[in-house]
Amino acid sequence: MKHHLALVTGATSGLGKALCHALAQKNISLIAVGRNIHKLQLLAAEIKTPIRIVQIDLSQIEQRSSLCMLIQELCPDLVINNAGFGLYGPAIHHSLKISQEMIQVNIQAVMEFSLEAASALKKAKKPGSIVNIASAAAFFSYPNFSIYAASKAFVHRFSEALDLELSVYRIRVFTVCPGQIATDFRKKASRNFPQKLDHLTFSCTKAVRLILKQIECGKRVQIIDLRYRIMIFLAHFIPKSFLLPFLQNSLSKRYQKRS
Ligand SMILES: NC(=O)c1ccc[n+]([C@@H]2O[C@H](COP(=O)([O-])OP(=O)(O)OC[C@H]3O[C@@H](n4cnc5c(N)ncnc54)[C@H](OP(=O)(O)O)[C@@H]3O)[C@@H](O)[C@H]2O)c1
């Protein structure tokens, strides 16, 4: 499917920014969404195709509503719900406010923009694609990453089911489940707690290439990185009494311990 206008959330860094550059190279016009106007302006200056920047904090319901109106008005035929964040450590150590914001950004925004984009495309009788970035963490109950993993499980299940619901309108919904990608995600999730990068980290450029290929091939769900595909498969055979403490332990060096 040839796309003409793409909306990308979380366009100010990491995967979102790299996706904007890759789409611009394919001559796709952009609506780049982020909360940092300075970073959005820098992105716009780097990009050669027509680009509209939209400053929005996705944790704020009124600001999300204004983006929903813009989606109805401009009817992008590619919507990439990429913005998201996580926090390592026991959920009880995070403020309720930040946990609520995680749900707003990782779940609410994805659900609202997916449905808004689908309804705009359906009204215009246009085909289109919605790409929702979940995570390999979506496949696990993940102690010390509990809210994030559960939010991505929502993205995975919702997007996978929505793809079938919308196929009658020639609208596809693609779910992307990356493992660790080399972006600022981990630094933010650990609140800058110093740690070593491990060998499982995947390059952002490679991840973008695989996402674009997924859209082209029409693959509903993709787990990025073979190593994560193997781990997720093997995890089915491991008792949870062993698996969950193992996962919990795997993150124990990524955040500042508190009593
Ligand atoms: N990197 C990984 O290892 C990894 C693995 C699996 C899944 N993912 C998923 O991949 C997606 C992209 O993350 P990334 O790796 O590129 O990390 P990133 O570099 O931290 O990018 C996250 C983007 O989301 C934006 N964002 C966060 N909260 C926001 C809010 N309230 N309003 C508006 N924008 C907000 C950030 O904006 P600011 O620049 O303003 O913070 C940033 O542009 C996320 O959904 C993440 O969960 C990442």
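Worth knowing before you read on, the calculation uses all heavy atoms, side chains too, and leaves out hydrogens, waters and symmetry mates. Remember, it's 1-based here, ligands and their atoms both numbered in the order they're listed.
The closest protein non-hydrogen atom to atom 31 (N) of ligand 1 is D57 OD1, 2.9 Å. The protein non-hydrogen atom at the shortest distance from atom 4 (C) of ligand 1 is G179 O, 3.8 Å. Of all protein heavy atoms, the one lying nearest to atom 40 (O) of ligand 1 is R35 NE, 2.9 Å. Among all protein heavy atoms, the one lying closest to atom 46 (C) of ligand 1 is Y148 OH, 3.6 Å. Here the protein heavy atom with the shortest distance to atom 16 (O) of ligand 1 is L15 N, 2.8 Å. For atom 39 (O) of ligand 1, the nearest protein heavy atom (residue, atom name, distance) is T12 OG1, 3.0 Å. The protein heavy-atom contact nearest to atom 1 (N) of ligand 1 is T183 OG1, 3.0 Å. Summary of contacts: the protein heavy atom closest to atom 32 (N) of ligand 1 is L58 N, 2.9 Å.
Judged by distance alone, with hydrogens and angles left aside, the side-chain atoms of N82 form a donor-acceptor pair with the main-chain N or O of G10 at under 3.5 Å.
Residue contact check: D184 has heavy atoms under 4.0 Å from atoms 19 (O) of ligand 1. Within ligand 1, counting atoms from 1 as listed, the ones closer than 4.0 Å to a heavy atom of S59 are 31 (N).
Look at A134 and you'll find a heavy atom under 4.0 Å from some atom of ligand 1. In this structure, K39 is part of the shell of residues with a heavy atom less than 4.0 angstrom from ligand 1. Heavy-atom separations between I56 and ligand 1 include at least one value shorter than 4.0 Å. Contact analysis leaves E101 out of contact with ligand 1, as no non-hydrogen atom separation drops below 4.0 angstrom. Using a 4.0 angstrom heavy-atom cutoff, G34 does not count as in contact with ligand 1. Using a 4.0 Å heavy-atom cutoff, K188 is listed among the residues neighbouring ligand 1.
Ring pair F185/F145 is perpendicular by interplanar angle, where above 60° counts as perpendicular and below 30° as parallel. Between F154 and F158, the ring planes are parallel. Angles under 30° get that label, and only those over 60° would be called perpendicular.
The shortest N or O to N or O distance between I181 and ligand 1 is below 3.5 Å. For ligand 1, the polar-atom distance check finds no N/O of Q180 at less than 3.5 Å from any of the ligand's N/O atoms. In terms of N/O distances under 3.5 Å, ligand 1 is not approached by P178.
Atom NZ of K97 has 12 or fewer heavy atoms from other residues, nucleotides or ligands within 6.0 Å. Shown here is F242, whose CZ atom has no more than 12 heavy atoms of other residues, nucleotides or ligands within 6.0 Å. Counting heavy-atom neighbours within 6.0 Å of F85 CZ, excluding the residue itself, gives a total above 12. Annotation for L164: atom CG counts as buried by contact number, over 12 foreign heavy atoms lying within 6.0 Å.
Here atom 25 (C) of ligand 1 lies nearest to G10 when heavy atoms of S135, G10, A138 are compared. Here atom 21 (O) of ligand 1 lies nearest to S13 when heavy atoms of G84, A136, G14, S13 are compared. Atom 44 (C) of ligand 1 has its nearest heavy-atom neighbour, among N82, L43, V105, I133, in N82.
For P76 against I71, the heavy-atom pair with the smallest separation is CD-O, 3.7 Å. The nearest pair of heavy atoms linking L40 to A11 is CD2-CB, 4.5 Å.
Looking at R220 and D163, a side-chain N of the basic residue comes within less than 4.0 Å of a carboxylate O on the acidic one, giving a salt bridge.
The residue K17 has no part lying near ligand 1, judged by heavy-atom distances below 4.0 Å.
Q222 places a side-chain heavy atom less than 4.5 Å from the side chain of I224.
Q256 and R191 are not linked by any side-chain donor-acceptor pair at a separation below 3.5 angstrom, with hydrogens and angles left out of the test. For the residue pair E112 and S65, no side-chain donor N or O sits within less than 3.5 Å of a side-chain acceptor on the partner. Side chain to side chain, Q104 and R64 meet the donor-acceptor criterion of an N or O pair below 3.5 Å.
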